[in-house]
Amino acid sequence: MAVSPPIGRRPRPLSIKLFAAFFLTAAISTYVLNLTNLPIQQEIFALYLPWPGWSQDWTIVALSAILSIAFIPVAWIYLRASRVARWLVTGFSLLKLLSFPQMFMVWFSDPYINIMYLREPILIALALIMLFTPSANRWFRQTQEPDLAVFD
């Protein structure tokens, strides 16, 4: 009468652990980098979200919200093996990676731009690769089988 462990209790493959590490490292390092450049980040937010009340305080609040949003799908994938979260992360990450060629060309044309801006797309690409390795695919496919002995 073997009972399979709940979805969140199955041993995670190394690729899922690396996915979480790469994705969270990208989110946290971007957060820290943006905090060190608050005036620039404030201008970017004001450009895309026109609001007369943008201040450094509101910029910090917005950056913190973005950081906390990154933790949610990682928790769903890492703790619950959520396939929906896997595809949401994939979709939004691919959208983010569309800017990578442009960022690389800007950096290539002006090497004084901080190379740290390139680390986020690289980490996200590595995280996505880890999310679709064969071991990760097997881990997501595993389902909790009903215990047939209950019906004896």
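Heads up: numbering here begins at 1 and tracks the sequence.
- Applying the side-chain contact (heavy atoms from CB on, under 4.5 Å) criterion to Thr30, with sequence neighbours excluded, gives Asn34, Arg119, Glu120.
- Scanning all heavy atoms of the two residues, the minimum distance from Ser82 to Ala85 falls at OG-N, 3.1 Å.
- Checked against side chain to side chain donor-acceptor pair (under 3.5 Å), Thr25 has no partners two or more places apart in sequence or in another chain.
- Counting heavy atoms from C-beta on, the side chains of Phe71 and Ile28 come closer than 4.5 Å.
- For Glu43, the side-chain contact (heavy atoms from CB on, under 4.5 Å) criterion is met by no residue, not counting sequence neighbours.
- Ser93 and Leu128 make their closest contact through CB-CD1, 3.6 Å (heavy atoms, listed as atom of the first residue, atom of the second, distance).
- Here Phe132 pairs with Trp87 under the ring pair (Phe, Tyr, Trp, His ring centres under 6.0 Å) rule; sequence neighbours left out.
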field: Verdict with reasoning, Leu123 to Phe23, per side chain to side chain contact (heavy atoms under 4.5 Å, CB included)
entry: CA-CA 7 Å; Leu123 287 170; Phe23 198 83; over 6 Å; no
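- By the side chain to side chain donor-acceptor pair (under 3.5 Å) test, Ser64 pairs with Tyr31, sequence neighbours left out.
- For Ser15, the side chain to side chain donor-acceptor pair (under 3.5 Å) partners two or more places apart in sequence, or in a different chain, are Thr133, Ser135.
- Looking only at side-chain heavy atoms (C-beta outward), Leu67 and Leu63 stay at 4.5 Å or farther from each other.
- Residue Trp76 shares its hydrophobic cluster (ILVMFWY side chains chained together at separations under 4.5 Å) with Ile72.
- Atom CD1 of Ile40 sits about 12.0 Å away from atom OG1 of Thr59, to the nearest 0.5 Å.
- With sequence neighbours excluded, the residues satisfying side-chain contact (heavy atoms from CB on, under 4.5 Å) with Ile16 are Arg12, Pro13, Tyr78, Leu131, Ala136, Trp139, Phe140.
- For the atom pair Leu47 CG and Ile44 CD1, the distance stands at 8.0 Å (nearest 0.5 Å).
- When the ring pair (Phe, Tyr, Trp, His ring centres under 6.0 Å) test is applied to Trp54, the partners found at least two apart in sequence or on another chain are Phe45, Trp51.
- Residues meeting the side chain to side chain donor-acceptor pair (under 3.5 Å) test with Asn137, sequence neighbours left out: Arg86.
- Residues satisfying the side-chain contact (heavy atoms from CB on, under 4.5 Å) test with Val61, not counting sequence neighbours, are Trp58.
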**OP:** Would you check, one step at a time, whether the test side chain to side chain contact (heavy atoms under 4.5 Å, CB included) holds for Ile124 with Phe22?
**Re:** CA-CA 7 Å; Ile124 287 175; Phe22 288 144; over 6 Å; no
